Amino acid sequence: MTDSAKPTLMVVDGHSLAYRAFFALPVENFTTKDNQHTNAIYGFLSMFVNLIKAEKPTHLAVAFDTSRHSFRTDVYPEYKATRSETPQEFRGQIPLLQDCLAAMSVPVLTKEGIEADDILATLATQGAQQGYDVLVVSGDRDTIQLVTDDVTLLYPSVQGVSQLKRYDPVTVQDRYGVRPEQYPDIAALVGETSDNLPGVPKVGEKTAVKWLTQFGSLDELLERAEEIKGVVGGNLREHLEDVRRNRRLNRLLTDVELPVAPADLVVAPIDAQGVRDIFARLEFRTLLPRVFEAVGAGEVADDPASAVVLPQPVELAAAEFATWVEAQEGEVALRITTQGGAPTRVGAATGTEVREIDWSEAAADSLRGWLESDSPKVLHDAKPQVKALLGAGIRLAGLAYDTSLAGWLLRPSFPDKTLVDLVERYLGEKLPQADPSQLVPETEGATPSQEAWFALRVAAALREDIPESVARVLTEIELPTLLTLADMEVAGVAVSHDVLSGFSGELATRADGLAQDAFALVGREFNLGSPKQLQEVLFDDLQLPKTRKTKTGYSTDAAVLADLQESNPHPFLGLLLQHREATKLRQIIESLDTAIRDDHRVHTTYVQTGSQTGRLSSTDPNLQNIPVRTEESRRIRSAFQVGDGYEALLTADYSQIEMRIMAHLSGDEGLIEAFNSGEDLHRFVGARVFGVEPSDVTAAMRTKVKAMSYGLVYGLSAFGLSKQLRIEQSEAKQLMVEYFARFGAVRDYLRASVLKAKEVGYTETIFGRRRPFPDLSSPNRVLRENAERAALNAPIQGSAADIMKIALFHIHDDLRSEGLASRVLLQIHDELVVEVAPGEWDAAERIVRSRMGDAAELSVPLDVQVGRGQDWNEAAH
DNA sequence: ATGTAGACGTA
DNA sequence: CGTACGTCTACATG
């Protein structure tokens, strides 16, 4: 019925609709891993994008209440007073919802002391006067009064938030029996319980409509109230003032002063990256394409790129290509495409020109000199390219910049690691990509040299944004580490298939036996590996008490099973735990075994941008989580063996590096003394905390202070400590008090460090690596406290990561520069595994000890433990 | 085929 | 209600 020539203004009551969504959607399904509830946000946005898609408004705004206080509460303090407190879980979602809307370029309107519906009423009135078709979207019945021929109300039906009922003057008349502008008269007579506005007793909608029809208007009715007979007549006469008050309060303001007019609310292009970022944080996946679809691809603000003119690649012969790159004065960007780990093409770029060639023997020969020279080169994600060159016998040097690492250092929390992402974020352009789903792509992807050209420009943009200290972390730590990691990945580590498969067979037999015993106990067979089926068995068949709740049911993890075993001993529990252990070990062994390559070695990939703190991560397979805790699991480590042509494995690990960093950063004299005394740390701390001689520290005391010390680094609470140690919360609290009485500077440092982070918005390691923490000032308590713990940990874990990286590449470089064949194979956060060539043990040990010990100048020594063996397990002692 | 939840391995 | 990771299985989606 809308006149397509007229613009459509849609105004939405964000508060009331989000509130309905909050109750409509089960919170279990809408909680992020950080425990942020998102049901109201999701429900609102879901409905919102449907609306935009269906109604295609040309102008758009969402209004929110500021607080419960408004001019209505000034007039009538009891207004809405009976409403229960809006839950914190709901209120916390509103700022995030507003962030989403901001990213979608939707104006968010609020005004102190004014309710959202008054803003709606004002805009609707103005819009209708100015020739718009107006759509009011609200869950508050009072907005019915706004309906006219030009103003339509969309009101959520009882079925749910996604169903909106459309009210025009005819529908209102049909449903309520009065014209829209009379609806407040009915509401005034009937009253509104939810707003704590009592009406006339015994008067409902029917009576109210009858009276209004009979008298023509509310004023007339109140004037001639004497004419109404019976009990209700009496009631009306007794409540005249209430009705007048109700009518005053339910009249929406149409003259609120706003900073915007309808014309200012024209639909704007969305901030595509901003929407991606916040949706990623809220863990919305399916919503993203819906938003983009609703706003229409043409409306997305990341388009202007098509206007960028790409330099056209010039294909050269190998010798000419080498001459060209060698002739360049400044940095040259480089992009080596690979297939199966071998180079296929090479592209090079300066700011204005691009050149490329196919990879070939001739190309390798011509380019070797330049590639191995110090001439500065800029790459995006250099490591796989460095590895491909190593495979071709070329060792890349002169690595001046890696845009992937730089992007990560600047924003470690964002997953935009591809060049496409960086081009979009830092250049606001689109890197042309061929559609991989099409055999004959409609759009040409960028060529290698064009990608290099983009990388060079991204590097320039990143250099603008990156603070000095972070830039130094890139050039002085990350880039040399990258080259070291490439060598480590290429080297791999020898793993014995025979050791693994023997163990795997044993475990399989054992797991089978345990499963059969368990089935016999329960009286039926089921899948022990299914948490769902397991719950039935534990809580229905065996009638064990319910445990800790999870999103989908009750937990069956090892900790709660151990608790259950204590409170309700049952032989099934023991079998289950043993079965879990056996199958877990077997699964680790299997995945390791399938990762063994033809050279009998396992080649992991270190993800240098894989953490937010500066640590590495390891994938395909992950060699940083090989079991070690139990005697049995260490058999897996004995499968990691010294390779052919080498003499021994050397392991070197930092002892208590995080506590040492804490001692250094806090300057706590007690802790510094502990490390300088040479005494066992936990014994020393235990002696101080419990006021006994170090020799009198019992095992129990040591366990307690050890847990406390480690917990400190993670922001542990008395609650967490009591749980971990299985002691009373009061005792944990007391332990913390005693601990801090002796080591107070530690607490002072931790407090000050979080406070500083809140002030500047980021944390910093000893070497200047930064991690942003926007959530430290979040009004949402869960988000804020999570951020506080992470912020407390980040400088400590991050500094340890920095120190290890520095030691790692120095060891790597020293081994090479001394012409040794020994090589570093693995890094497990605070441990290195080195494969030592015959006759090189002493040299290797010397280099490892000195480089690890001297990696940083702290106020306490960096202690390094070195072990030697034929396999990883043996070398660990 | 792809994604999520629960569980669990490491520092 | 302790930080940082990766990977497996089962199971629910498409």
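In what follows, every chain begins at residue 1, and chains take the letters A, B, ... in the order their sequences are listed. Any value given below was found using the heavy atoms of this structure, including those in side chains, with hydrogens, waters and symmetry copies removed. As the structure is a computational prediction, the values presented were derived from the model and not from experiment.
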Just to be sure I understand the rule, does Thr583(A) reach a base, reach only the sugar-phosphate, or reach nothing, if contact means heavy atoms closer than 4.0 Å?
nothing

Nearest whole Å is fine: how far is dG9(B) P from Ile636(A) CD1?
10 Å

Considering every strand and a 4.0 Å limit on heavy-atom distances, what is the contact class for Arg548(A): base, sugar-phosphate, or nothing?
nothing

What is the separation between atom CG on Asn873(A) and atom C1' on dT10(B), rounded to the nearest whole Å?
15 Å

Please lay out, stage by stage, how Gln93(A) and Asn39(A) fare under the test side-chain hydrogen bond (donor to acceptor under 3.5 Å, both in side chains).
CA-CA 8 Å; Gln93(A) 293 185 56; Asn39(A) 55 340; 2.9 Å; yes

In whole Å, what is the span from the CZ atom of Phe640(A) to the P atom of dT10(B)?
13 Å

Checking all strands, does Lys723(A) fall into the base, sugar-phosphate, or nothing category for heavy-atom contacts under 4.0 angstrom?
nothing

Please identify which of these residues, Leu592(A), Val499(A), Asn873(A), meets the side-chain contact (heavy atoms from CB on, under 4.5 Å) condition with Ile636(A).
Leu592(A)

Which part of the nucleic acid, if any, lies within reach of Gln587(A) when heavy atoms closer than 4.0 Å are counted: base, sugar-phosphate only, or nothing?
sugar-phosphate

Determine, step by step, whether Tyr710(A) and Tyr714(A) satisfy the ring-ring contact (aromatic ring centres under 6.0 Å, His included) criterion, reporting the C-alpha distance in whole Å, the side-chain angles of both residues, the deciding distance to 0.1 Å, and the verdict.
CA-CA 7 Å; Tyr710(A) 277 109; Tyr714(A) 305 138; 7.7 Å; no

Pairwise 5' ranking along DNA chain C for Phe719(A) and His829(A), keeping only the more 5' one:
Phe719(A)

Measure the distance from CG on Leu585(A) to C1' on dA7(B) and round it to the nearest whole Å.
14 Å

Using a 4.0 Å heavy-atom cut-off across all strands, classify Arg789(A) as base, sugar-phosphate, or nothing.
sugar-phosphate

Contact class for Gln533(A) (heavy atom, under 4.0 Å): base, sugar-phosphate, or nothing?
sugar-phosphate

Have a look at Ser633(A) and say if it touches a base, only the backbone sugar-phosphate, or nothing, with a 4.0 Å heavy-atom cut-off.
nothing

Taking the inter-plane angle between the rings of Phe526(A) and Phe572(A) on a 0 to 90° scale, is it parallel (under 30°), tilted (30 to 60°) or perpendicular (over 60°)?
tilted

Checking all strands, does Glu831(A) fall into the base, sugar-phosphate, or nothing category for heavy-atom contacts under 4.0 angstrom?
nothing

Tell me: CE of Met804(A) to C1' of dT10(B), nearest whole Å?
14 Å

So what does Gly720(A) touch, heavy atoms closer than 4.0 Å: a base, only the sugar-phosphate, or nothing?
sugar-phosphate

Touch class at under 4.0 angstrom, heavy-atom based, for Val628(A) against every strand present:
sugar-phosphate

Checking all strands, does Ala558(A) fall into the base, sugar-phosphate, or nothing category for heavy-atom contacts under 4.0 angstrom?
sugar-phosphate

Using a cut-off of less than 4.0 Å, is there contact between a side-chain N or O of Ser555(A) and OP1 or OP2 of dA7(B)?
yes

Contact class for Ile626(A) vs. all strands (heavy atom < 4.0 Å): base, sugar-phosphate, or nothing?
sugar-phosphate

Please determine whether a side-chain nitrogen or oxygen atom of Arg629(A) lies at a distance below 4.0 Å from atom OP1 or OP2 of dG9(B).
no

Nearest-angstrom distance from the residue atom CG of Leu561(A) to P of dG6(B)
15 Å

Here the pair of heavy atoms bringing Ala718(A) nearest to Ala732(A) is O-CB, 3.4 Å

Where chain A begins and ends its contact with DNA chain C, read 5' to 3' at 4.0 Å from heavy atoms:
dC1(C) to dA12(C)

Cut-off 3.5 Å, side chains only: do Thr651(A) and Glu831(A) have a donor facing an acceptor?
no

Roughly how many Å is it from CG in Asn625(A) to C1' in dA7(B), rounded to a whole number?
13 Å

Reference residue Leu832(A); test side-chain contact (heavy atoms from CB on, under 4.5 Å); the match among Arg851(A), Met852(A), His812(A)
Met852(A)

From CD of Gln578(A) across to P of dC8(B) the rounded distance in Å is 14 Å

Smallest heavy-atom separation, Thr604(A) atom then Thr619(A) atom, equals OG1-O, 3.1 Å

